[in-house]
Amino acid sequence: MNQHVFLTGACGFVGKVLLPILLAKGYRVTCASRLASSHAGSAAEWVTLDINDAKAVSCVIEQVKPSHVIHLAAQSHVPTSFREPAQTWQTNVMGTLHLLEAVKTHCSEAFFLFVSSSEVYGEFFKAAELTAESADCKPMNPYAASKRAAELAIEQYFRQGLAGAIARPFNHIGAGQSPEFVSASFARQIAAIEAGKQKPILQVGNLDAQRDFLDVRDVCNAYVALLELKTVDIEDRIFNIASGQPRRIDDVLKLLLQQSSQEIAVELDPERMRPSDIPLAAGDCTRIHSLTGWQPSYDLSNTLAELLGHWREQ
Ligand code: A2R
């Protein structure tokens, strides 16, 4: 089969990192974005597409006839999902359904990789140190619930013969991520302090919480590894993309502060302390490792140093 990937959400944080990795691996890639025209000229092909438009999705998939779909496009912002739950479900569930139907109609042999989120585990995280894919999903926000709903839709297509996999990535780190995420927030503040744009006080939330961090390039390499997956049982098609190593937020902060020669005080910001915080969220990554050989390759302190370098250049 011709190796032609259809990549949605190509202009997002992950999409921008994944695209060059796919091209370097020799995949032909057609990227979809709502603002595609601005990317004409890159090595990939681009289409302008709103996944909420079922007809447009069908037309594009009929033309492209990809061998693989990587579906990243989503309303991925948790606070927005509380403000706009219907829009979040529309894009994340119905948008996914439009793609599934188009693939079923026009290229039913294609491999469909759906990028979900570790957020689907939600409250279950309180029950285990390392959460495996077999855990109960107990979403705690509309974003996570919509991703779980989309997973259920995909599982039904899997049972009807669709090839594919579902990825549940844990926390990613990398340049280009919104400073609403903890590592980017710390790095941005340190860079601002060094540049004299912020008092030498770094505002933090809950430093005791433990999370599972991966370099976004490792996350993307995992997606590429999943594209090459051979047939597996439907029950085994969900994959945690995780390091399997819980890290205290405090340790991430310390690693970043070590990169700076500046004297920086740390101050708790009550606004950043969420009472619903999950104390520990980390994933068991045994399944993806045993089925594809994937494992993380980037060292956390190097990733954080690069992140800080990125913010220093802003
Ligand atoms: O269309 P754009 O360029 O605004 O791209 C956004 C895209 N997107 C959509 N694309 C087509 N039709 C829509 N109705 C639509 N709504 C959103 O999804 C945006 O660039 C992309 C998602 O990018 P980020 O929010 O930066 O997410 P990130 O961190 O790259 O995560 C990738 C995936 C998401 O599905 C997460 O939920 C998952 O990884 O964990």
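Numbers for residues simply follow the sequence, beginning at 1. Remember, it's 1-based here, ligands and their atoms both numbered in the order they're listed.
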J.: In ligand 1, which numbered atoms sit nearer than 4.0 Å to a non-hydrogen atom of Leu72?
T.: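 Result: 32 (C), 33 (C), 34 (C), 35 (O).
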J.: Give me the nearest non-hydrogen protein atom to atom 31 (O) of ligand 1 as residue plus atom name, then the distance to 0.1 Å.
T.: Val14 CG2, 3.8 Å
J.: Quick check on contacts: which atoms of ligand 1 are under 4.0 angstrom from a heavy atom of Pro169?
T.: 40 (O)
J.: For the residue pair Ser297 and Asn221, confirm or rule out a side-chain donor-acceptor distance under 3.5 Å.
T.: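 Looking only at side-chain atoms, Asn221 and Ser297 do not form any donor-acceptor pair under 3.5 Å.
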J.: I need the nearest protein heavy-atom contact for atom 3 (O) of ligand 1: residue, atom name and distance, please.
T.: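 Ranking protein heavy atoms by distance from atom 3 (O) of ligand 1, first comes Ser33 OG, 2.9 Å.
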J.: Give me the residue, atom name and distance of the protein heavy atom closest to atom 12 (N) of ligand 1.
T.: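 In this structure, atom 12 (N) of ligand 1 has Ile51 N, 3.0 Å as its nearest protein heavy atom.
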J.: Backbone or side chain, does any N or O of Ser117 fall under 3.5 Å from an N or O of ligand 1?
T.: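 Checking ligand 1 against Ser117, no N or O pair falls under 3.5 Å apart.
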J.: Of the non-hydrogen atoms in Pro139 and Arg148, which two are nearest, and what is the gap between them?
T.: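 Reported closest heavy-atom pair: CG-CB, 4.2 Å.
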J.: So is there a nitrogen or oxygen of Asp50 less than 3.5 Å from a nitrogen or oxygen in ligand 1?
T.: yes
J.: Suppose I only count heavy atoms of Leu49 and a 4.0 Å limit; which atoms of ligand 1 are within that range?
T.: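 Contacts of ligand 1 toward Leu49, numbered from 1: 11 (C), 12 (N).
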J.: For Cys31 and Ala44, which heavy atoms make the closest approach, and how far apart are they?
T.: SG-CB, 3.8 Å
J.: Ignoring angles and geometry beyond distance, decide whether His71 reaches within less than 3.5 Å of ligand 1 through its nitrogen or oxygen atoms.
T.: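 Among all N and O atoms of His71, none is under 3.5 Å from an N or O of ligand 1.
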J.: Heavy-atom pairs closer than 4.0 Å: do any link ligand 1 to the side chain of His172, the backbone, both, or neither?
T.: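 Neither part.
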J.: With only distance considered, is Gly15 within less than 3.5 Å of ligand 1 through an N or O on each side?
T.: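 N/O-N/O distance below 3.5 Å does not exist for this pair.
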J.: For ligand 1, which atoms have a heavy atom of Tyr143 less than 4.0 angstrom away?
T.: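 Atoms satisfying the 4.0 Å criterion: 36 (C), 37 (O), 38 (C), 40 (O).
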J.: Do Asn240 and Tyr121 meet the criterion of a side-chain donor-acceptor pair at a distance under 3.5 Å?
T.: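 Yes, a side-chain donor-acceptor pair sits under 3.5 Å.
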J.: Testing the basics here: between Leu162 and Ala110, what is the closest heavy-atom pair and its distance to 0.1 Å?
T.: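 Answer, listing the atom of Leu162 first, then Ala110: CD1-O, 3.9 Å.
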J.: Do any N or O atoms from the side chain of Ser58 and from the backbone of Ala54 form a donor-acceptor pair under 3.5 angstrom?
T.: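 Judged by distance alone, no pair lies under 3.5 Å.
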J.: Can you list the ligand 1 atoms lying under 4.0 Å from a non-hydrogen atom of Gly9?
T.: 18 (O), 21 (C)
J.: Is a side-chain donor-acceptor pair under 3.5 Å present for His77 with Glu180?
T.: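 Looking only at side-chain atoms, His77 and Glu180 do form a donor-acceptor pair, the distance falling under 3.5 Å.
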J.: Taking only heavy atoms of Gly12, which atoms of ligand 1 are found under 4.0 Å from at least one of them?
T.: 20 (O), 23 (O), 26 (O), 30 (O)
J.: What is the minimum heavy-atom distance between Thr105 and Glu101, and which atoms define it?
T.: OG1-O, 2.8 Å
J.: Among all protein non-hydrogen atoms, which one is nearest to atom 26 (O) of ligand 1, and what is the separation to 0.1 Å?
T.: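 That would be Phe13 N, 3.0 Å.
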J.: Look at the aromatic rings of Phe170 and Phe125 and report parallel, tilted or perpendicular, splitting at 30° and 60°.
T.: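 Correct class here is perpendicular.
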J.: Among all protein heavy atoms in this structure, tell me which lies nearest to atom 22 (C) of ligand 1, with the distance rounded to 0.1 Å.
T.: Ala74 O, 3.7 Å
J.: Salt-bridge test for Lys147 and Glu119: reply yes if a basic N is under 4.0 Å from a carboxylate O, no otherwise.
T.: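 Between Glu119 and Lys147 there is no salt bridge, as every charged N stays at least 4.0 Å from the carboxylate O atoms.
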J.: Does Lys254 come within less than 4.0 Å of Asp250, counting only side-chain N to carboxylate O?
T.: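 Here Lys254 pairs with Asp250 in a salt bridge, since their nearest N and O are under 4.0 Å apart.
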J.: Hey, which atoms in ligand 1 end up nearer than 4.0 Å to a heavy atom of Thr91?
T.: 14 (N), 16 (N)
J.: Give the ring-plane orientation class for Phe114 versus His71, where under 30° counts as parallel, over 60° as perpendicular and anything between as tilted.
T.: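 Plane angle between 30° and 60°, so tilted.
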J.: Could you check atom 25 (O) of ligand 1 against the protein and tell me its nearest heavy-atom contact, residue, atom and distance included?
T.: Ser76 OG, 2.6 Å
J.: Heavy-atom contacts with Ser116 under 4.0 Å: which atoms of ligand 1 show up? List them by number with element.
T.: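 Ligand 1 atoms under the 4.0 Å threshold to Ser116: 38 (C), 40 (O).
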J.: Under a 4.0 Å N-O cut-off, is there an ion pair linking Glu151 with Arg168?
T.: yes
J.: Could you say whether the N/O atoms of Gln75 and ligand 1 ever approach to under 3.5 Å?
T.: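 Min N/O separation from ligand 1 is not below 3.5 Å for Gln75.
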J.: I'd like to know if Glu119 contacts ligand 1, where contact means a heavy-atom distance under 4.0 Å to any ligand atom.
T.: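 It does not, in that no heavy atom of Glu119 comes within the 4.0 Å cut-off of ligand 1.
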J.: Between Ala73 and ligand 1, does any nitrogen or oxygen pair lie at a separation below 3.5 Å?
T.: no
J.: Quick check: does any side chain N or O of Lys126 sit under 3.5 Å from a backbone N or O of Glu123, one acting as donor and the other as acceptor?
T.: no
J.: Among all protein non-hydrogen atoms, which one is nearest to atom 5 (O) of ligand 1, and what is the separation to 0.1 Å?
T.: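 I find the closest protein heavy atom is Arg34 NH2, 4.3 Å.
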J.: Starting from atom 39 (O) of ligand 1, which protein heavy atom do you reach first, and at what distance in Å?
T.: Val115 CG1, 3.3 Å
